[in-house]
Enquirer: 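Shown below is the structure under consideration.
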Amino acid sequence: ELLCAACARIGLPEPNAIQFTSAPLLRAAPHARAFRSPTRRRDHRPKLHVELRFDQPVEGPVLLGAGRHRGLGLFRPMEEEG
């Protein structure tokens, strides 16, 4: 729900599929465990890699989520399968 709302807030269509994983979806990307909060406060929000799929083309890169101001939440287009 939060990702769908974030997409709508920046004018993107609602994703038709969302995949969460701690393992990287792109070669050379670090594991989700490698991302730490830049502040001394413990951040209890989950750190995950996310794949969003849309019914229509979306131009990227796109920044989403609360961590987008701290270097997180970067989405880039992926090659289409087939």
Enquirer: Which value, rounded to the nearest 0.5 Å, describes the distance between Thr21 atom OG1 and Glu51 atom CD?
Expert: 10.0 Å

Enquirer: Does Pro24 have any side chain to side chain contact (heavy atoms under 4.5 Å, CB included) partners at least two apart in sequence or in another chain, and if so, which?
Expert: Ala29, His31, His49

Enquirer: Provide the closest heavy-atom pair for Cys4 versus Pro15 in the form atom of the first, atom of the second, distance.
Expert: SG-CD, 3.9 Å

Enquirer: Are Leu3 and Leu25 linked, directly or through other ILVMFWY residues, by side chains that come within less than 4.5 angstrom of each other?
Expert: no

Enquirer: Please give the remaining members of the hydrophobic cluster of Leu74, linking ILVMFWY side chains under 4.5 Å, ordered by chain and number.
Expert: Leu63

Enquirer: Is there side-chain contact between Phe75 and Val50, with at least one heavy-atom pair below 4.5 Å?
Expert: yes

Enquirer: Is there a continuous path of hydrophobic side-chain contacts, each under 4.5 Å between heavy atoms, that joins Met78 to Phe20?
Expert: no

Enquirer: Please report the closest heavy-atom contact between Leu52 and Cys7, naming both atoms and the distance.
Expert: CD1-SG, 4.1 Å

Enquirer: Are Leu72 and Lys47 close enough, and set up right, to give a side-chain contact (heavy atoms from CB on, under 4.5 Å), and what steps lead you there?
Expert: CA-CA 9 Å; Leu72 302 174; Lys47 307 286 191 305; 4.2 Å; yes

Enquirer: Is it the case that over 12 heavy atoms from other parts of the model lie below 6.0 angstrom from the CG atom of Leu2?
Expert: no

Enquirer: Scan for side chain to side chain donor-acceptor pair (under 3.5 Å) pairs involving residues 2-18, sequence neighbours excluded, and state none if there are none.
Expert: Asn16-Asp55

Enquirer: According to side chain to side chain contact (heavy atoms under 4.5 Å, CB included), who are the partners of Ile10, at least two apart in sequence or on a separate chain?
Expert: Leu12, Val62, Leu64

